[in-house]
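Right, one structure below, let's go through it.
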Amino acid sequence: MASAVSCHSPARISISCSYSAPGRGGRPLRVAVVGGGPAGASAAEALASAGAQAFLVERSPAGAKPCGGAIPLCMLDEFAIPPELIDRRVTRMHVLSPSNLVADFSRTLPPGAHVPMVRREVLDSFLRRRAADAGATLVPGLVTSLSVPTGPADPYLIHYISSEEKGRREVLEVDAVVGADGANSRVAREVGAGEYATAIAFQERIELPDDAMAYYDELAEMYVGGDLTPDFYAWVFPKRDHVAVGTFTVGAKRDIKRLQAGIRARAAPKIAEAASVRVEAHPIPDHPRPRRVVGRVALVGDAAGYVARCTGEGIYFAAKSGRLCGRAMAEEWARTGAVTEAGLRKNYLRRWDDEFTLMFRFLDLLQRVFYGGNAGREALVEMCADEYVQRRTFESYLYKQMVAGEPLGDLRLLGRTVASMVRCGILGREVERLRRLDLQLLA
Amino acid sequence: MAMATSTFSPRPASRAGSLKPLQAGAKLHPSLSFPRFRAGRLARAAAGEAPVEVVEAPPKEVEPTPAASNGAAVKAEAPTKAVEVEAAPVPRFRDGRWVNGTWDLKQFEKGGVVDWDAVIDAEARRRKWLEDYPEATNTDEAVVFDTSIVPWWAWMKRFHLPEAEKLNGRAAMIGFFMAYFVDSLTGVGLVDQMGNFFCKTLLFVAVAGVLFIRKNEDLDSLKKIIDESTFYDKQWQATWQEDSPAGPKK
């Protein structure tokens, strides 16, 4: 069975052909992919397309992961997402500062470009079905433990409780494992991949009356401010027939209720009086785990910590890392008849880091500078009013490419950044001085 | 120039702690500073203390009084009430010179030219107010004020020049005594000192150092910034740290 899988991104086109590889003793590679979200489904699809036996273990196939649901435009092409899966096409975005200055990101959107919003349950089940069509075996069940083998040729044993057989305990024997089970990854815990700091994302789904919903027709809003979250942003995102209002934070997890009340208050005139139909919360990793590959177990997606800072995006990186990991495993098996930790590091980790570390580090820098305090947030919104900033933002967000822009424009951008930071920093310090004056006069 | 990283920015938690009672919908903590804060505001507004405040005291003086009673009422009822506090509206920012979402520069004119210092002051007060009482956005009164309308020389005159003067003064004092000291020890005069490459390097280091380290606290802040900015990078590199000890495991 020969299959050609093509993926293309705006900068390069790569076509890879994989074939059913006999491997060791002529048998195909067996991989257990734990977790059936975008990461797991992409890994399973990549493995199955390459002729490996992929077992996709998912504990709740009908579940809906609490999520913003925004995916970048390049994901539609790279992962062949059909247009009917998209609930909304967001073409306008507002970023609102603590002093309610609004940056309107709508004038500079390239024609035809938009931010697709999807429902996670719809996207996830589509990706899983495609993996099954490619030859993966869907296994509904909850993984309870993992037995690490002693020798290099011994199999991993996945112990799981089957959802189909009413709680029967089963064991899966595989050559390698892909841990795609999200922020609370059991696989990561079993192999000792290390801990990471997590943010908590809290979201309320609110059904609005039609006229209020019309305001959010193609509009997504991001709010920044110390009253909403000390380290990220709060949002109002439109979904199919309701809006999701939420916030997320790393440092102020105990205050999450107060922060949520803050965003409800800030958006109050637009979502006024509407009650929430659902309240959900979920942890989001803040940075990668200390060990992303342990033995023949590779972590992908949220389990590995591939969530960009500053934007909080994870779906695209999950799917991409799943696919990359699956391909790396299949290629190594085809070439050498075995999957090894060194091979995984070279073919999966090294390639992933080379492609994305720069982007992640840049977003980390942006977050530190602009989300650190109200002065930074004001500067961020001031700068976002600039057309060049908006264009660069869209280019890098929609297509996931750190494009080198025009040197003069970049220099001007740097100048504007510094100027905005200085001015807003000065105002921030004035505010602090006034506050100290207040406290002094009280004493 | 301090970048607004978390190092330099005010810690929001500590400020928000004393002002939580006034945010709509927030669960109240028994905040001891709260009644004193409100009383202090009233006392100051009544006394009409600083001349700068006078201009804004009249429009905002009205606000604290109803808010104070609102606030007290909210505080007493908070334990029994549910989450939303619609009955006690948060006071909105109001100022005679804030028109249509921006500062009306004509009202800031002093002797025919715009008094930029007053604009900066007014904007700082507005931001402080909004930090304490965040307001919902209003599409009718969209904020359009951008700090770039204040010309660069106004910022410089008010903030950069005094500090530059201070730093130059300190540098001059230290420089004079160092030159005297070196001269008395080595007999090398000021002109000959400047001709020496080592001394030139020292001078360069001194100037650069003064730009970054102006107070004792700056040393700690710089160290913290360096730690913070490399922390994320270390997370990414962590997975590669085991290459040597572990070796290729099968």
Side-chain angles (χ1 to χ4, degrees), chain A residues 96 98-102 152 196 225-227 230 252 257-258 261-262 264-269 287-288 290-293 295 338 340-342 349 353 357 360-361 364-365 368-369 372-376 378-379 382 385 419-428 430-432 434-435 438 441-442, chain B residues 1-10 12-13 15-16 20 23-27 33 36-37 40-41 44 49 83 90 120-121 123-128 130-131 134-138 142-148 150 152 155 159 228-229 232-233 235-236 238-240 242-243 246 248-250:
Chain A
L96 293 102
S99 69
N100 285 328
L101 185 64
V102 180
Y196 50 21
D227 54 317
K257 291 282 172 64
R258 172 176 66 85
R264 291 286 303 256
R266 282 282 288 274
H287 58 77
R291 284 181 294 283
R292 290 175 268 152
V293 168
T340 63
E341 177 173 345
L349 280 189
D353 282 7
T357 315
F360 276 80
R361 285 211 209 113
D364 173 59
L365 178 68
R368 255 182 239 297
V369 169
N374 274 347
E378 297 282 352
E382 259 190 33
S420 277
M421 292 294 310
V422 168
R423 288 195 303 258
C424 293
I426 289 177
L427 276 172
E430 279 295 293
V431 169
E432 271 300 283
L434 289 172
R435 223 175 271 290
D438 270 350
L441 288 164
L442 278 178
Chain B
M1 177 191 85
M3 303 289 272
T5 59
S6 54
T7 320
F8 288 124
S9 297
R15 275 187 294 106
K20 265 190 244 179
Q23 291 186 23
K27 216 161 94 136
S33 60
R36 273 189 301 149
F37 181 85
R41 268 179 161 260
R44 284 186 304 111
E49 60 335 321
V83 186
V90 173
I120 294 175
D121 276 332
E123 178 64 13
R125 279 188 162 66
R126 184 181 77 94
R127 290 194 180 185
K128 178 167 165 289
L130 287 175
E131 256 180 44
E135 269 175 29
T137 49
N138 199 331
V143 170
V144 292
F145 176 74
D146 187 313
T147 53
S148 55
V150 180
W152 65 274
W155 297 101
F159 297 102
E228 271 181 17
S229 35
Y232 191 63
D233 193 41
Q235 305 301 319
W236 277 93
T239 203
W240 299 102
E242 279 124 39
D243 258 346
K249 265 188 9 220
K250 288 257 188 163

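Order of the sequence lines sets the chain letters (A, B, ...), proteins ahead of strands, with each chain counted from 1.
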Contact origin within A:Phe360 toward chain B - heavy atom pairs under 4.5 Å
both

Options A:Lys257, A:Glu382, A:Glu430, ranked by heavy-atom pairs under 4.5 Å with chain B, top entry:
A:Glu382

For the backbone of B:Glu135 and the side chain of A:Asn100, can you confirm whether one donor and one acceptor N or O come within less than 3.5 Å of each other?
yes

Looking only at side-chain N and O atoms, does B:Glu123 offer a donor or acceptor that is under 3.5 Å from a partner on B:Thr147?
no

With a 4.5 angstrom heavy-atom cut-off, could you sort out which part of A:Leu365 is near chain B: side chain, backbone, both or neither?
neither

Hey, which of A:Asp353, A:Thr357, A:Val102 has the most heavy atom pairs under 4.5 Å with chain B?
A:Asp353

Chi angles and distances behind the side chain to side chain contact (heavy atoms under 4.5 Å, CB included) call for A:Val422, B:Phe159:
CA-CA 11 Å; A:Val422 168; B:Phe159 297 102; over 6 Å; no

Is the shortest heavy-atom distance from the side chain of B:Glu131 to the side chain of B:Lys128 under 4.5 Å?
no

Output, in order, the C-alpha distance, side-chain angles, deciding distance and verdict of side-chain hydrogen bond (donor to acceptor under 3.5 Å, both in side chains) for A:Ser99 and A:Glu378.
CA-CA 8 Å; A:Ser99 69; A:Glu378 297 282 352; 3.0 Å; yes

Part of B:Trp236 lying under 4.5 Å from any heavy atom of chain A
both

Is it the side chain or the backbone of A:Leu96 that comes within 4.5 Å of chain B heavy atoms, both, or neither?
side chain

